[in-house]
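So the structure is just underneath, and the comments pick up after that.
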Protein chains: 8
Amino acid sequence: MSMATPLVRIVMGSDSDLPVMKDAAAVLADFGIAYHMTVLSAHRTPARLIGYVQEGEASGTKVFIAAAGGAAHLAGVVAAHTTLPVIGVPILGKSTDGLDSLLSTVQMPPGVPVATVAINGAKNAGILAAQIIGATDPEVRKKIAKHKEKIAKDVLAKAQKLEEIGYEEYLKKHE
Amino acid sequence: MSMATPLVRIVMGSDSDLPVMKDAAAVLADFGIAYHMTVLSAHRTPARLIGYVQEGEASGTKVFIAAAGGAAHLAGVVAAHTTLPVIGVPILGKSTDGLDSLLSTVQMPPGVPVATVAINGAKNAGILAAQIIGATDPEVRKKIAKHKEKIAKDVLAKAQKLEEIGYEEYLKKHE
Amino acid sequence: MSMATPLVRIVMGSDSDLPVMKDAAAVLADFGIAYHMTVLSAHRTPARLIGYVQEGEASGTKVFIAAAGGAAHLAGVVAAHTTLPVIGVPILGKSTDGLDSLLSTVQMPPGVPVATVAINGAKNAGILAAQIIGATDPEVRKKIAKHKEKIAKDVLAKAQKLEEIGYEEYLKKHE
Amino acid sequence: MSMATPLVRIVMGSDSDLPVMKDAAAVLADFGIAYHMTVLSAHRTPARLIGYVQEGEASGTKVFIAAAGGAAHLAGVVAAHTTLPVIGVPILGKSTDGLDSLLSTVQMPPGVPVATVAINGAKNAGILAAQIIGATDPEVRKKIAKHKEKIAKDVLAKAQKLEEIGYEEYLKKHE
Amino acid sequence: MSMATPLVRIVMGSDSDLPVMKDAAAVLADFGIAYHMTVLSAHRTPARLIGYVQEGEASGTKVFIAAAGGAAHLAGVVAAHTTLPVIGVPILGKSTDGLDSLLSTVQMPPGVPVATVAINGAKNAGILAAQIIGATDPEVRKKIAKHKEKIAKDVLAKAQKLEEIGYEEYLKKHE
Amino acid sequence: MSMATPLVRIVMGSDSDLPVMKDAAAVLADFGIAYHMTVLSAHRTPARLIGYVQEGEASGTKVFIAAAGGAAHLAGVVAAHTTLPVIGVPILGKSTDGLDSLLSTVQMPPGVPVATVAINGAKNAGILAAQIIGATDPEVRKKIAKHKEKIAKDVLAKAQKLEEIGYEEYLKKHE
Amino acid sequence: MSMATPLVRIVMGSDSDLPVMKDAAAVLADFGIAYHMTVLSAHRTPARLIGYVQEGEASGTKVFIAAAGGAAHLAGVVAAHTTLPVIGVPILGKSTDGLDSLLSTVQMPPGVPVATVAINGAKNAGILAAQIIGATDPEVRKKIAKHKEKIAKDVLAKAQKLEEIGYEEYLKKHE
Amino acid sequence: MSMATPLVRIVMGSDSDLPVMKDAAAVLADFGIAYHMTVLSAHRTPARLIGYVQEGEASGTKVFIAAAGGAAHLAGVVAAHTTLPVIGVPILGKSTDGLDSLLSTVQMPPGVPVATVAINGAKNAGILAAQIIGATDPEVRKKIAKHKEKIAKDVLAKAQKLEEIGYEEYLKKHE
């Protein structure tokens, strides 16, 4: 957890989502954006969840990230209680191959949007939160631009290597 | 609305669900079970929804019926705030052919079940509510048994007619 | 198996469903609700299945739980032979990622509802059965309320721990 | 209905399936195969359905055709009560675009097959019934062969016409 | 391979389907029904496949069983070249969770039915073939009836055991 | 089009998306947020699309909204060329019931998120854009709060009316 | 039909596909590429279909286009009998929203590819055929380039108009 | 990588696609067709990707192969920048069982086709590229014909072996 006033609050429906959601925290830390992360359930701790959202609203949070699987109501319930942007991360479960989490996160009714990223797209949730903050913070935006350059360079380095050594060698080195 | 203390509370996320959900009300009225029906949204009126559930708990409600489409969180949010059984009706929307409503109603996490019926299955929601009440009320159960007999007779009457007049005649009479 | 008159009868289509369905039995045992559990198939032992349902009706059963996979007809066939509430548990199979079991359990025609829970949602089937009994039994309802508190506390304890030790430590301890 | 001992028994879950299922009857009539057709529900008239199957077994029926929509259990329940081949016709309903009917008809457990045809494939159900009878009846098989020739000729006639007059003219004539 | 004139011809699109399809052969052998089994592809060996079907027609085959995965055209191509009943077995592949194999086997156009069984439903394909033969062969039908009794007994034995020893013991013995 | 420097740029892949996307423009106009809206295709006018994104970046745009159907690449291509947040609106097409548009908008790879709203969720795209701007603009946030209150009041008014006049009257008035 | 030696052969499984497939013919005519178009079924006229493919191979055809719905085997059967590239057009049918046609066209086994375009993507099938011919014919490639420019200009003209007159006016003019 | 002017350019969105895509390269090498293969992302290296396509156009490339997973925009973006045929390979990802990759590759809008092969169908992408080149190069076409014969022989050899030794032996030898 970072110590500054958290600009982003990350909440997940179960601690079993943490191995996925840690990537959202990590990318925010990389960008130097203070965040707070916890576990709260729309169905098991609804009152505490609403409290958590209201504390965020009151203390300078700019963006919420909410992750859940199955009948994934968490992001929608957060969105119901705030005027801040809410990013939803559908978590892949054990049946329907992620369609349940995706559809119950993204198909929100008019008036209460959830900014949904890919199934298990925790890293992108962190980047999107940074982009939202970066829309009015040039420092953050510069960091996103650098990250964009970095991932481009990574691809180009792989391209160069593959072109140089051929795919047999490449596959050997990466197995 | 019936005047006795309502045993069943029917809530739907939008008044556009009413042409479907009226069938739940009608079947309860047929069974002589007092109900209350209203429109409340998990995302647009979350506080009022919780209040409605709590009023129900306090005033003798035995079963909730909750109907919603798309990212259908309504039944789940009701279930989060009560220990009474909650019946969910997934409402068919304009995309994904009902899978969104169905999956976001039925795929609830351990601890907070929603008794889900078919997509647009409002009549069955009413019957299920009656069955739940009937589990300890022999009068209601007798009425369900009669209804079961009636729908069986309807099928058998159709069978007899089809067998007597043949399908060409049958189709002419029912077009 | 509990010794008192069983209030809940749990039936599954195959003993391969037992590793999932044991959770329904366990939660009923936790709530002190007498149950009976067996294996019967809608397709392989239809006559015995009907007998089992009728014995239940005659001996004070309040709720049926039926679990099956694939073309999951079991809950529907139970529902055809009783006026009591029937809870359906779609069991995840080896293809279509659970959609077959879910759709063939939940999409029941008007007149014969099945209260469907999540794919492999055995624990919730047990809780829903308890909620149905609890609708008229304050003792059971108190136990459900306590269970609700317990799972809320569990979430809050995890939240506190995660907030205290951070996600790296948390993940290390739970791997 | 034909007057000879029916070799094929056609049963559908609702008379709303008749506009589809009449094609099965029509093709059997074309092939000169005696059939009997009725409406019976696995869920609403289970006892009468079993009786109908047993009467068929006792009176020389060779094949059953069973058609239903939604949680389509009809064909499976017929198959549970006979050693004769059972053809299932999944009927297209108002949600999930036919997947519910198809999956709950075809995904039968080991031991109890249902010979499933296409969604709304009533004509093919009739042809398949004829093929089953034709496997040991050369007269019927000759008729199927003729029908096969006829539909081939129809395609070839259309091909010739399209090639002669071009698609603009062809479309004008068939609108 | 059995030595008598084969009444059933089993063809699969790839030898990778054999671990599934061996169950069709085994059940036919159990019923004492002579069969022939081979590997032929609708796309890789189309001429040989047509020859195989025609040899079957000429030599007393009563039923074809065709199994394939992905764009599963095998059963349809067999059906295009025979007036005998064709049973299709959709084989589960590595993507779309079996929907590709199922839909491309079952959704046949009017005039050319394929009697489709469950995804990977090889055993049921064998039983269905026996049922088709049994429709006019009382000896085979008796064997199917015995098999039906046997699988019922198996279920009832499991039921008895589970009821006697409880689920904890049962699960221990079957792990 | 509003005259001030547009804070939001709305781009759609085809003018056939305009009947849906006009709702995004309308809600931004309601909130007094200047926007620019046009038609550009990722596949038919890729260079102009990139130019449009770069002009936006250079001239003070804070958020992009991109709407497309089918293989909906538009939002992803916009996101590839900016560090600003990009909202994707999947447009319902004529097949696969919206799944194609949804999946090709939301399932973005790590590094390049698209904030996806519901299928045809144009109004929510506008609100989400406002929320992103409102995260650092208290005036906009107040307007969103008012809008939230308004839609809550609308629901409550409907609830009151339905409770007062009953569903038969209500349905008559709204047909 | 054009009179020169046809470079492209278009075959569809039913004349009901013609209202879709005429667009493939029209685009080839626009590009000045001679084509031949007919109706032939993989299941109803398999021998004639093979003949048609072999005639094409022998007479200078460069590309086949095959269109079918449901269990769409047509393109696969064409591909089984030629070494030329085969383009498949999945035709939208009345159930499963096009998934059946798409999956049974595209999911071909190793060794026998079908170049699949979008559901009902007849125009793109024509363009793809032209691109294949254009790969070695600069004249055709120039025409494709011009077509690409034209559709880009169309989009840009719409963009300009929408930006000039605003969406209210634009929608009025296009209704 | 082959040394002659590459006729085929293979591009994949991530080096994690290489274990699948190596099969496209291998089959082209088998056919003696020079190719170039690299890693480039539509979202992470859009400018370099466009450059790669333009270099291909300028230097004699005849066909592009583009492979990507998830929101698979790569093939579409390549197609947007060339008049040459583009083959798309949808790569199986970790959710939605390949539907996301397939639909976002194949459902291209009119004017910009992508010749889509099966999910993970890399080998077929290579063969299709060869077929496109072979349409005007008799030497290549001969090689494709030989390959077609070879895979037919492989199937026939397996058929012979299975028929000779029976399935028990066959399965033992291939486990």
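This is a predicted model, so every value here is computed, not measured. Order of the sequence lines fixes the chain letters, A, B, ..., with proteins taken first and strands second; residue numbering starts at 1 for each chain.
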Tell me the residues of residues 61-78 of chain D whose non-hydrogen atoms fall below 4.5 Å from those of chain B, in number order. none
Among residues 93-107 of chain D, which ones touch chain B with a heavy-atom distance under 4.5 Å? D:K94, D:S95, D:T96, D:D97
What option among D:D15, D:T45, D:V11 has the most heavy-atom pairs under 4.5 Å with chain B? D:D15
With chain B, the option among D:M21, D:R48, D:H43, D:R44 that has the most non-hydrogen atom pairs under 4.5 Å is D:R44
In this structure, NZ of B:K158 is separated from OG of D:S16 (nearest 0.5 Å) by 7.5 Å
Nearest 0.5 Å, please: how far is CG in B:L162 from NZ in D:K22? 13.0 Å
Of B:D154, B:L156, B:V155, which meets side-chain contact (heavy atoms from CB on, under 4.5 Å) against D:V39? B:V155
Take a 6.0 Å sphere around CD of B:E55 and say whether it holds more than 12 heavy atoms from other residues, nucleotides or ligands. yes
In short, D:M37 meets B:E163 closest at the heavy-atom pair O-CG, 3.7 Å
